[in-house]
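First comes the structure, then the notes that go with it.
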Amino acid sequence: MLDPQVLRNRLDEVAAALKRRGFDLDTETLERLETRRKSLQVETQELQRRRNASAKTIGEAKARGQDLNSLLAEVADQGDRLARTEADLAAVLEEIEAQSLLIPNIPHASVPPGTSEDDNVEIRRFGAPPDLSFEPKDHVDLGQALGMMDFETAARIAATRFVVLSGGLARMHRALTQFMMDLHTREHGYREVYVPYLVNAQALRGTGQLPKFAQDLFAVPEPGLYLIPTAEVPVTNLAHDRILSPEELPCRYVCHTPCFRSEAGSYGKDTRGLIRQHQFEKVELVQLVRPDGSYEALEELTRHAEVALQRLGLHYRVVALCTADLGFASAKTYDLEVWMPGQGRFREISSCSNFESFQARRIKARWRNPDTGRPELLHTLNGSGLAVGRTLVAVMESYQEADGRIRVPEVLRPYLGGMEVVDGR
RNA sequence: GGAGAGGUGGCUGAGCGGUCGAAAGCGGCGGUCUUGAAAACCGUUGUGGGGCGACCCACCGGGGGUUCGAAUCCCUCCCUCUCCGCCA
C-alpha cells in the first residue's frame, strides 16, 4: 500500500510513476473520494466534539443535582446527525481503503523501463553451460528412466501438477534443502524459523497476495484459511504490528516450507515436469531493515541466493526486471535464472525483491528511529534461496551423463552419505 | 469436545456509566546530587488521524447494541490461561 498522505497530496506524481509500470491510476475517482472524505471527516469530528462537550455539561449538572430535562432536550437530535455522518465517513474510508489495496508499488528509479519481459536487463552471469558431448535429456526423461519421478501416480493420488519422487532423487531433493538451510544460517547470518503453512486473509493482505490475487491461492474454507503460496507470507507477517528496536535490525529470517499455488490462468504452460507444480518446496530469505539501507540489503540478499547456485556449480544469470514485469508489491526485483541444459534455456529459480514500505504499511511493521524517537515503517525484502524443485531440475539436467546417470554435486555428498551418483536407495 | 477464568499503555496491574487516555509500580528518557557510578529526589514518557492554524478527533482484544454520555452495561466473534476428556 502506498502512503495515504502521498496519495492525497501528490496524486499526479504517483500516477506518473505508476504509468511507468503500465498501471493506470484512476485519479478522478480518488480525488472525488478524497474531497468527500475531507469534508465528512471535519464534520464528523466537529459533531463528536459537540457531543463530548454536552455530555460533560450534563454530567456536571447532574453532579450538582440540577434539573437535566432542558439540557437533554437540547441534545436530542444530535445523535442522529452524528450517526449519519459517521456512517457516511466510514463508507468513504472503506472505499478509499479498497481502492488503495489494488494500487501496485511504485518502481524504484533504477528499475529499467519496459513494456514486457523482453525488456528485462541482464546484469551479470556466472559460469558456463556444462560441456556435454551428447544430446542432453530433460529432467522428466532422466527421472522417469531412473524410475524415481512419477507424475502418473501423483495424478492418481491428487491431480495433475503433482509429483512423486523416490529413492536417490527424493533424497537429493531433501539434501538440497538441508544444504541451503545450512548455508544461510551458518554463513549468511539468517535466523531459522518454522511457521504455519495455513494463514488467514489478513496475513495475505499484508504481503499483497490479497485482495487482488485470490485466484492464485488454495483456500481451506472450513477454518477460513489459505495454504501459503510462499513462506514470504507467514515470515514477513512475523513483524505484524510490531515496533522493533534499532538493535534488532537488520532482521534476517530463513525458512523452508512447502508452497501451494493453484496456477489458475496458466493452463497449458509448463505442463511437463517439475517446473510449475501445485506444490513445491522453497527456502525463503526474508529481511526487515532500516529504510536507509534497503537497497544495499537487496544486493546482499541477491548475492546470498547466488552463493547457493555457485556452490552447486550451476550456470546462471541475474536479471533486473523491467517496470512492466515487476510484481505487484515490489519496488525492484532481481530474478536469478539458472541454465537448464535439457531445455536449452534459462529458467527463473529465485526472485529477490525490495518492497520498501509497501508491505510494512499493510502489516504495521515498524522500528523506533532513534533520530526522531518515533515509530517509522520498516522496509521488507525477500528472495528465494532457492526454489528446491527447480534446483533439483537444474542439477539433474546439468549433472547428467550420456547413459542417463546423474552425478551428485560435491556440496551435496555429505548430506547423502557420500553418494556420488544418484541411486535407487 | 466439556467446565471455568481472563483479555487495559513497553511490562505488571487498578479502574462506583460522567471531570478516564486512563491510578500505582517497574522500565525508558532528562535533570539534581557525586571525582565517577549506584542509591535517593525532581521532572518527563502510548499510538494513529484531521485542520493553514488556535486546536480537535479516535483508540482500553475485534465487531455490533443500550445511553445525552461506555474501559465500565448487553450481544457476538476472536484469542489466552486452568481443569477434565480425546488424540498425536
Side-chain angles (χ1 to χ4, degrees), chain A residues 1-11 30-101 194-206 210 220-226 234 237-249 251 357 359-378:
Chain A
M1 197 154 69
L2 301 178
D3 184 349
Q5 301 268 14
V6 174
L7 216 45
R8 233 172 250 165
N9 302 323
R10 288 149 53 190
L11 191 58
L30 289 170
E31 264 164 5
R32 181 173 52 73
L33 286 168
E34 167 56 15
T35 305
R36 205 161 140 61
R37 184 230 106 221
K38 192 161 173 173
S39 70
L40 278 171
Q41 181 157 352
V42 169
E43 184 182 357
T44 302
Q45 291 189 354
E46 171 59 19
L47 290 171
Q48 286 171 329
R49 192 190 60 76
R50 275 195 242 163
R51 176 203 58 195
N52 293 345
S54 44
K56 192 168 176 176
T57 307
I58 292 169
E60 285 164 353
K62 192 179 180 187
R64 285 194 300 268
Q66 296 175 349
D67 176 53
L68 302 179
N69 286 332
S70 62
L71 282 171
L72 288 176
E74 253 175 66
V75 301
D77 62 337
Q78 268 185 18
D80 284 350
R81 199 174 149 205
L82 176 57
R84 269 202 310 279
T85 56
E86 273 180 339
D88 289 350
L89 177 61
V92 170
L93 288 176
E94 204 175 309
E95 176 65 18
I96 291 174
E97 167 92 354
Q99 296 275 330
S100 301
L101 285 171
Y194 171 82
V195 296
Y197 300 158
L198 289 164
V199 296
N200 58 37
Q202 180 181 270
L204 286 156
R205 205 176 305 120
L210 288 179
V220 182
E222 196 22 64
L225 299 172
Y226 299 83
N237 273 284
L238 290 174
H240 173 83
D241 204 20
R242 297 234 302 147
I243 301 175
L244 303 180
S245 61
E247 305 84 64
E248 294 175 87
L249 302 174
C251 198
S357 59
Q359 294 179 327
R361 185 169 293 107
R362 293 175 170 223
I363 286 175
K364 291 203 261 303
R366 296 172 294 176
W367 70 302
R368 192 164 300 271
N369 184 343
D371 295 337
T372 61
R374 320 288 313 169
E376 295 172 13
L377 292 173
L378 289 164

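Labels below follow one simple rule: chain letters A, B, ... track the order of the sequence lines, proteins then strands, and each chain is numbered from 1.
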Original post:
Got a salt bridge between A/E43 and A/R81, using NZ or NE/NH1/NH2 to carboxylate O under 4.0 Å?
Top reply: yes
**OP:** Take the protein atom CD of A/Q48 and the nucleotide atom P of B/G48, then report the distance between them rounded to whole Å.
**Re:** 19 Å
Subject >> side-chain N/O A/R366 vs B/G48 OP1/OP2, d < 4.0 Å >> reply: yes
**OP:** Would you please name every residue forming a salt bridge (Lys or Arg N to Asp or Glu O under 4.0 Å) with A/R10, sequence neighbours left out?
**Re:** A/E13
**OP:** Measure the CD-CG distance between A/Q45 and A/N52 for me, rounded to the nearest 0.5 Å.
**Re:** 11.0 Å
**OP:** Please list, by residue number, the residues of residues 92-101 of chain A whose heavy atoms come closer than 4.0 Å to an atom of RNA chain B; answer none if no residue qualifies.
**Re:** none
**OP:** Please list, by residue number, the residues of residues 241-248 of chain A whose heavy atoms come closer than 4.0 Å to an atom of RNA chain B; answer none if no residue qualifies.
**Re:** none
Give every pair of a protein N or O atom and an N or O atom of nucleotides 71-81 of chain B that lie under 3.5 Å apart, one pair per line with the distance.
none

Subject >> C1'-based separation of B/C59 from B/A22 [nearest Å] >> reply: 12 Å
**OP:** Runs of at least three consecutive Watson-Crick or G-U pairs, both distances under 3.5 Å, are what I'm after; which ones involve RNA chain B?
**Re:** B:1-7 with B:78-84, B:10-12 with B:24-26, B:27-32 with B:40-45, B:46-50 with B:55-59, B:61-65 with B:73-77
Original post:
For every nucleotide of nucleotides 51-56 of chain B, 5' to 3': is a protein heavy atom under 4.0 Å from its base (B), only from its sugar-phosphate (S), or from neither (-)?
Top reply: SS---B
Original post:
Taking the nucleotide of RNA chain B with the closest heavy atom to each, which residue, A/A53 or A/P4, is nearer the 5' end?
Top reply: A/P4
**OP:** Sequence neighbours left out, what passes side chain to side chain donor-acceptor pair (under 3.5 Å) with A/Q48? Give chain and number order.
**Re:** A/E86
**OP:** In plain terms, say whether A/E34 and A/K38 are close enough for a salt bridge, that is, a side-chain N and a carboxylate O under 4.0 Å apart.
**Re:** no
**OP:** Keeping to residues at least two apart or across chains, list the salt bridge (Lys or Arg N to Asp or Glu O under 4.0 Å) pairs with something in residues 361-377 of chain A.
**Re:** none
**OP:** Using the C1' atom as the reference point in each nucleotide, state the distance between B/G69 and B/U19 in Å, no decimals.
**Re:** 12 Å
**OP:** Check side chain to side chain donor-acceptor pair (under 3.5 Å) between A/E60 and all other residues, then give those that pass, not counting sequence neighbours.
**Re:** none
Original post:
Between B/C77 and B/G30, how far is it from one C1' atom to the other, in whole Å?
Top reply: 45 Å
Original post:
Quick one: the side chain of A/K62 and the base of B/G18, do they pair up donor-acceptor inside 3.5 Å?
Top reply: yes
Original post:
Roughly how many Å is it from CZ in A/R51 to P in B/G69, rounded to a whole number?
Top reply: 7 Å
Subject >> Non-neighbouring partners of A/R84 that pass salt bridge (Lys or Arg N to Asp or Glu O under 4.0 Å), sequence neighbours left out >> reply: none
Subject >> Set of side chain to side chain donor-acceptor pair (under 3.5 Å) partners for A/E97, sequence neighbours left out >> reply: none
Original post:
Is the closest side-chain heavy-atom distance between A/D241 and A/I363 below 4.5 Å?
Top reply: no
Original post:
Can you name the residues that form a side chain to side chain donor-acceptor pair (under 3.5 Å) with A/Q41, not counting sequence neighbours?
Top reply: A/R37
